[in-house]
Amino acid sequence: IYCRWFPPLFQKAVDYTLIWQILAIGAILIAIFLYWTYRLKKEIKKRKLTENSLNRNQEWLNCSLRSAKIGAWDWDITRKTITGNSVFAALLDLSEDEISMSIDKFQKNFIHQEDLPAVIKHIEECFSSTDEFCRTRFRIISQSGALKYVESRSKIFKYDRYNNPMRMIGFIKEIPQ
């Protein structure tokens, strides 16, 4: 009644634009967050599938190498260390804890001294060959003193930017005399 009889001189209107802007920005942020969460879940699922596949392939490879009695070794040329799998350790009569060693120790303690020049020549040939696995035969002396004849196939798998070898991997198998 008061407004009809006495018209107000100034009537205050409520402005909802700021509230609508805040709600719109909030909705956009929520949508971005939900989309990001969806993409993240998809990426995690993809990585888990890849990891499971890699684990399965690793198990198959290990089982194959063990059943064929083939040792696998990895030589980090820059760090001058060589490591291997359980078959490689068994071939040298080492425990799996002892299998990581310097290449100098490996050459001095396990490669027969008469075969060492041929093995070094083989390594140099592998450094210059980039296409195929290099193959050599030599004798090793296990930690227990047993003499074993082995065949090794190896390849350089990593080079630095100056084309110097950084990593060599190979496989070794005991052969009959």
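Heads up: numbering here begins at 1 and tracks the sequence. The model shown is predicted, which means the values in this text are computed figures rather than measured ones. FYI, side chains are in, hydrogens and waters are out, and symmetry mates aren't considered; it's all heavy atoms of this structure.
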In Å, rounded to the nearest 0.5 Å, how long is the span from [atom1] of [X] to [atom2] of [Y]?
X: Ile172; Y: Ile70; atom1: CD1; atom2: CD1; result: 11.0 Å
X: Arg135; Y: Glu125; atom1: CZ; atom2: CD; result: 12.5 Å
X: Thr83; Y: Phe106; atom1: OG1; atom2: CZ; result: 11.5 Å
X: Ile169; Y: Trp75; atom1: CD1; atom2: CH2; result: 13.5 Å
X: Gln113; Y: Arg139; atom1: CD; atom2: CZ; result: 10.5 Å
X: Ser102; Y: Asp76; atom1: OG; atom2: CG; result: 12.5 Å

Grouping I, L, V, M, F, W and Y whenever their side-chain heavy atoms are under 4.5 Å apart, do [X] and [Y] come out in a common cluster?
X: Tyr35; Y: Ile30; answer: no
X: Ile120; Y: Ile156; answer: yes
X: Leu65; Y: Phe157; answer: yes
X: Tyr149; Y: Ile111; answer: no
X: Met166; Y: Ile103; answer: no

**Request:** For Glu174, check salt bridge (charged side-chain N to carboxylate O under 4.0 Å, His left out) against everything at least two apart and list the hits.
**Result:**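 Expected list: none.
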
Work out which heavy atom in [X] is nearest to a heavy atom in [Y]; give both atom names and the distance.
X: Glu114; Y: Pro117; answer: O-CD, 3.7 Å
X: Gln143; Y: Phe110; answer: N-CE2, 3.8 Å
X: Ile140; Y: Leu92; answer: CD1-CD2, 3.7 Å

**Prompt:** Is there a donor-acceptor pair closer than 3.5 Å between any side-chain N or O of Asp93 and the backbone N or O of Ser142?
**Reply:**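 It does not hold such a pair.
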
**Item:** Trp60 backbone acceptor or donor facing Ser64 side chain under 3.5 Å
**Value:**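 Yes.
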
What I'd like to find out is whether the side chain of [X] reaches to under 4.5 Å of the side chain of [Y], using heavy atoms alone.
X: Phe133; Y: Phe171; result: yes
X: Leu29; Y: Phe33; result: no
X: Arg66; Y: Val87; result: yes
X: Ile77; Y: Tyr159; result: no
X: Leu94; Y: Met101; result: yes
X: Trp73; Y: Leu91; result: no
X: Asp160; Y: Thr78; result: no
X: Glu96; Y: Ser86; result: yes

**Request:** Using side chain to side chain donor-acceptor pair (under 3.5 Å) as the criterion, point out the one residue from Lys46, Arg47, Lys41 that pairs with Glu43.
**Result:**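 So, applying the side chain to side chain donor-acceptor pair (under 3.5 Å) to Glu43 and each of Lys46, Arg47, Lys41, only Arg47 qualifies.
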
**Message:** My understanding is that only one of Arg153, Met168, Lys155, Glu132 makes a side chain to side chain contact (heavy atoms under 4.5 Å, CB included) with Cys126; could you say which?
**Reply:**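 Exactly one option meets the side chain to side chain contact (heavy atoms under 4.5 Å, CB included) with Cys126, and it is Met168.
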
**Message:** Using the side chain to side chain contact (heavy atoms under 4.5 Å, CB included) criterion, which residues pair with Ile22? Sequence neighbours excluded.
**Reply:**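 Expected list: Leu18.
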
**Message:** Under a 3.5 Å cutoff, is there a donor and acceptor pairing between the side chains of Ser154 and Ser152?
**Reply:**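 Not at all, the side chains of Ser154 and Ser152 share no donor-acceptor pair under 3.5 Å.
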
